[in-house]
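Note that the structure is predicted; figures quoted are calculated from it, not measured. In what follows, every chain begins at residue 1, and chains take the letters A, B, ... in the order their sequences are listed.
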There are 2 protein chains.
Amino acid sequence: MKPDAVRGHLDGLILAVLEDGPRHGYAIIEALQTRSGGRLDLPTGTVYPALRRLERAALLSGTWSTVGGRERRTYTLTRSGRHALAGQRADWTEFSAVVDAVLRPSAGTT
Amino acid sequence: MKPDAVRGHLDGLILAVLEDGPRHGYAIIEALQTRSGGRLDLPTGTVYPALRRLERAALLSGTWSTVGGRERRTYTLTRSGRHALAGQRADWTEFSAVVDAVLRPSAGTT
DNA sequence: GATCTATACGTAGAGCATCTACATATAGTG
DNA sequence: CACTATATGTAGATGCTCTACGTATAGATC
């Protein structure tokens with residue numbers, strides 16, 4: 001899968017993963033891999049900046065903790081984040097319907 | 001619909017419209033509107049550069065003509081273009097399946 | 001105790017598709 | 001003569017994502 005394809009849809013994917021409960025960055029990347037059947041393998045250089053962006057937008061809140069001597073930043077969906085996720089889902093539904101409609105061979109408009 | 005969402009998928013949409021037969025830029029934009037039920041309204045500054053890019057990539061071939069005193073550049077799908085369209089459709093199928101899978105609430109993995 | 005791998009976070013610089021806004025030209029209408 | 005629809009195109013800016021790199025701890029292996 002071309003990595004560029006997620007452009008514009010990454011936020012929704014991250015929010016969706018976080019809906020299950022708080023996770024730290026590394027775990028989010030793994031969850032994305034798992035949920036997509038291994039077809040979505042996003043580099044840290046893509047995900048970490050996105051997380052900071054989402055936190056800055058107040059869709060996530062992050063807290064530091066130390067687990068096994070390692071620093072972790074755990075992200076939790078905020079109320080705004082949940083709201084945004086719903087919006088993203090609606091947007092995706094509409095968008096995918098539009099692309100389906102245009103992409104589908106127009107087999108006779110009769 | 002956020003305009004940025006088509007990012008990375010525009011090529012496929014244009015190729016799909018051209019599958020019905022040759023069209024010029026203005027008509028392509030109108031066809032995109034029609035096929036999407038008016039939800040896809042792309043500005044000329046997006047479509048014209050894309051057409052030139054696709055032509056440069058040999059997925060389209062363009063020819064000038066004059067209709068009613070106005071210059072038109074009519075684009076036709078090349079053999080490579082048809083091939084690329086098939087690839088874009090496959091990519092889209094996979095991509096939308098992945099996004100669906102990640103976005104869908106994980107209602108119990110039980 | 002040195003090295004290697006997995007875990008975990010992050011930044012720097014670049015690319016490139018798309019956006020907004022503008023520029024140009026013809027035909028027809030009022 | 002001005003305005004709208006048709007028709008094509010460029011200029012500059014934006015901003016997400018990419019590639020590549022940098023840092024650090026824990027545990028296993030040698």
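Atom P of nucleotide C:dA17 and atom CG of B:L54 are separated by 10 Å, given to the nearest angstrom. A straight line from CG of A:L60 to P of C:dC9 spans 13 Å, rounded to a whole angstrom. Atom-to-atom, CZ of B:R70 to P of D:dT8 comes out at 10 Å; the value is rounded to the nearest Å. A:R53 has its CZ atom 17 Å from the P atom of C:dC9, to the nearest Å. Note: OH (A:Y48) to P (D:dT19) measures 17 Å, nearest angstrom. Spacing between atom CD1 of B:I29 and atom P of D:dA5 amounts to 15 Å, rounded to whole angstrom units. Atom-to-atom, CG of B:L10 to P of C:dC16 comes out at 17 Å; the value is rounded to the nearest Å. Between the NE2 atom of A:H24 and the P atom of C:dC9 there is a distance of 5 Å, given to the nearest Å.
Closest approach of A:R104 and B:R89 over heavy atoms only: C-NH2, 4.0 Å.
In terms of polar N and O atoms assigned as donor or acceptor, the side chain of A:R73 never comes within less than 3.5 Å of the base of C:dC9 in a complementary pairing. For C:dA8, the base has no donor-acceptor partner in the side chain of A:R72 [N/O atoms by modelled type, under 3.5 angstrom].
Each of B:V47 and A:Y75 has a nearest nucleotide on DNA chain C; the 5'-most of these lies closest to A:Y75.
Of the candidates C:dG15, D:dG9, C:dC9, C:dG15 carries the atom nearest the A:R7 side chain, counting heavy atoms from C-beta on. The side chain of B:D11 lies closest to C:dT18, out of D:dA7, D:dT17, C:dT18.
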